[in-house]
Amino acid sequence: MLSTYHDLIKKIANYDRCHAGPEMEAAYDEVIKFYPGARKIQYPCGQKIFHWELPPYWSCEVAELIDPNGKLIASKKQSNLSVFSYSPSFSGKITLEDLRPHLFTNPKKPKSIPFHFRNQYRHRNPEWGFCLPHEIYENLIPGEYTVNIQSKLDYQGKMTQVDFLKEGKSKKEIIFVGHFDHPNQINDGLSGCIAAFEVINRLKNRETKYSYRAFASVEIVGSVAYLNNEPGFAENIKAGTFLALCGINEQLIYQSSFYHQNILDRAYANVINTRGNKDVIFSHREKIGNDENVFDSVGYEIPMGTFLRWPFENYHTSDDNFENYSKEAIEELIERTLQVVDILENDCIPVANFKGIPSLASPEIDLYLSPTNISQTRNTTAIEKFGDKLSKEDCDYIQGETDLLYHFMRITLRMIDGKHSVLDICEETKMPFGFAFWYIKQLETKGLVSLKEVEHL
């Protein structure tokens with residue numbers, strides 16, 4: 001029995017999660033078992049979509065490379081990365097000179113096994129081969145090597161993916177995407193999928209205005225197939241986020257949707273760069289690219305940015321493992337994503353029920369903000385009434401940015417004119433949404449404002 005999503009990640013990390021194959025399907029089954037309500041989706045291998053062709057079902061029972069002295073140099077049993085993904089079968093003796101074109105290394109990571117993935121996108125003309133740590137490659141001895149690769153490519157099989165839906169009052173959806181492939185790797189792909197599923201899992205017992213979906217894709221081609229074969233879903237998806245590299249101990253950054261105009265772009269900026277003084281917001285695919293360009297593309301027009309940690313030094317290597325995975329890092333990314341959901345769900349337009357300006361320091365109102373009373377806000381009954389919108393993080397931010405309090409009060413009283421949302425006020429005042437929403441709800445309880453629903457999707 002797996003207790004936490006970290007246990008799930010650890011269990012399936014070393015499965016051979018190629019584009020389509022027995023261990024990929026087994027890994028998806030583990031996800032469905034852990035997240036009841038998740039749905040398995042299958043499309044026929046070989047299906048052609050806009051010049052893409054869905055990959056065949058690849059199984060590899062044996063992959064071994066033995067040197068002239070009988071020493072085992074590479075073996076799939078030791079690591080799925082040791083053999084080219086989607087390598088065809090090959091058995092025989094081969095000289096070192098002829099073998100070298102079939103060996104792949106990463107000189108920048110000499111002790112690590114790299115990931116050779118290109119066959120998965122060129123499966124009609126795959127190359128056989130092995131991946132080695134560069135320091136082993138450099139010390140290969142002359143002579144005849146024994147190669148034994150036993151594999152099958154089956155175009156009669158199925159390519160599997162999984163999604164997980166949390167239905168809201170509206171059919172309009174936000175989708176969180178990660179790619180599930182990449183054998184023996186955790187942060188590149190797998191962590192993003194599980195983070196997305198964990199977000200949905202934490203929303204499932206909550207009443208929401210919008211619907212939310214997690215999707216564990218086969219990178220690029222899986223998203224192409226998903227949007228093509230699930231047209232009803234594609235029409236309902238109004239925006240999304242690709243989650244990536246979630247468990248590394250690096251800075252959280254956000255790459256915007258292509259046109260930089262989506263509500264999620266604004267929400268993520270508020271969550272990770274409230275004051276606007278950090279270098280953490282980048283343009284579409286500026287640092288790294290994944291499936292976001294499939295959704296955010298001509299015809300589909302589903303704005304999708306990327307929420308990730310960066311930089312990533314273990315890209316496509318065996319060092320992307322559980323030893324280099326941080327439970328705290330992925331948990332923070334999940335919590336920040338849920339804060340974005342809070343913005344989507346709670347943003348509204350405050351409308352003043354007064355003319356001029358009220359005296360916020362009046363005993364009947366008592367909403368004048370100062371550094372001395374901010375530390376007391378977490379203990380008020382407002383927390384019980386409005387939930388955890390006023391988080392310790394929000395309070396810490398305000399206590400560290402007390403120069404913004406008067407500015408916030410002044411601007412808020414001017415912008416509650418029925419033309420601006422709470423998020424608009426946040427952007428103008430450099431305040432976290434959780435705090436601004438809490439404060440405006442206090443104004444509502446005093447009868448100073450009425451709140452109108454805002455439609456962002």
Side-chain angles (χ1 to χ4, degrees), residues 15-29 31-32 38-60 80 83-90 115-129 149 151-165 173 175 177-183 188-189 192-193 213-237 240 242 258 284-285 289-304 316:
Y15 284 32
D16 190 1
R17 289 172 287 111
C18 63
H19 278 192
E23 291 191 29
M24 179 70 152
E25 194 161 351
Y28 274 130
D29 287 339
V31 172
I32 290 172
R39 178 184 71 128
K40 181 185 288 189
I41 314 157
Q42 292 184 313
Y43 308 126
C45 294
Q47 181 187 11
K48 294 183 179 180
I49 307 167
F50 303 124
H51 301 286
W52 291 90
E53 183 178 27
L54 301 195
Y57 197 84
W58 181 68
S59 57
C60 183
N80 293 308
V83 62
F84 288 8
S85 193
Y86 274 69
S87 173
S89 292
F90 181 86
F115 173 41
H116 187 283
F117 66 92
R118 293 192 178 276
N119 280 340
Q120 296 183 121
Y121 298 98
R122 295 163 176 80
H123 43 79
R124 287 293 181 182
N125 188 29
E127 299 177 349
W128 68 266
I149 301 174
S151 64
K152 295 180 181 178
L153 293 171
D154 181 9
Y155 281 92
Q156 303 304 310
K158 301 283 188 180
M159 185 189 77
T160 301
Q161 301 183 109
V162 170
D163 68 1
F164 189 18
L165 174 65
E173 287 185 20
I175 190 169
V177 183
H179 62 71
F180 196 69
D181 50 296
H182 288 35
D188 188 2
C193 292
R213 188 183 298 268
F215 174 48
S217 79
V218 172
E219 188 172 9
I220 306 295
V221 67
S223 291
V224 169
Y226 188 69
L227 292 176
N228 180 77
N229 292 322
E230 311 286 342
F233 298 155
E235 291 170 6
N236 290 334
I237 298 169
F242 193 93
F258 186 81
H284 190 64
R285 293 168 64 89
N290 295 283
D291 295 45
E292 58 276 288
N293 68 327
V294 179
F295 289 83
D296 202 337
S297 63
V298 172
Y300 290 117
E301 307 294 346
I302 300 169
M304 182 172 286
H316 281 191

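Throughout, residue positions are numbered sequentially from 1 according to the sequence presented.
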Can you list everything that forms a ring-ring contact (aromatic ring centres under 6.0 Å, His included) with Y300? Sequence neighbours excluded, please. none
Residues forming a ring-ring contact (aromatic ring centres under 6.0 Å, His included) with Y86, sequence neighbours excluded: W58
Can you list the residues that meet the side-chain hydrogen bond (donor to acceptor under 3.5 Å, both in side chains) rule with E301, with sequence neighbours excluded? none
Return the set of residues passing salt bridge (Lys or Arg N to Asp or Glu O under 4.0 Å) with D154 (not counting sequence neighbours), or none when no residue passes. none
Counterpart residues, salt bridge (Lys or Arg N to Asp or Glu O under 4.0 Å), relative to R124 (two or more places apart): E53
Who passes side-chain contact (heavy atoms from CB on, under 4.5 Å) against F258, sequence neighbours left out? H284, D296
Please identify each residue that fulfils salt bridge (Lys or Arg N to Asp or Glu O under 4.0 Å) with K152, with sequence neighbours left out. none
By salt bridge (Lys or Arg N to Asp or Glu O under 4.0 Å), which residues pair with D163, not counting sequence neighbours? R39, R213
For Y15, side-chain hydrogen bond (donor to acceptor under 3.5 Å, both in side chains) partners two or more places apart: none
With K158, which residues qualify under side-chain hydrogen bond (donor to acceptor under 3.5 Å, both in side chains), at least two apart? none
Can you list the residues that meet the side-chain hydrogen bond (donor to acceptor under 3.5 Å, both in side chains) rule with N293, with sequence neighbours excluded? R285
Could you tell me which residues satisfy side-chain contact (heavy atoms from CB on, under 4.5 Å) with E219, sequence neighbours excluded, listed by chain and number? Y121, H179, D181, H182, N290, D291
Quick one: closest heavy-atom pair of P88 and S151, and the distance? C-OG, 3.2 Å
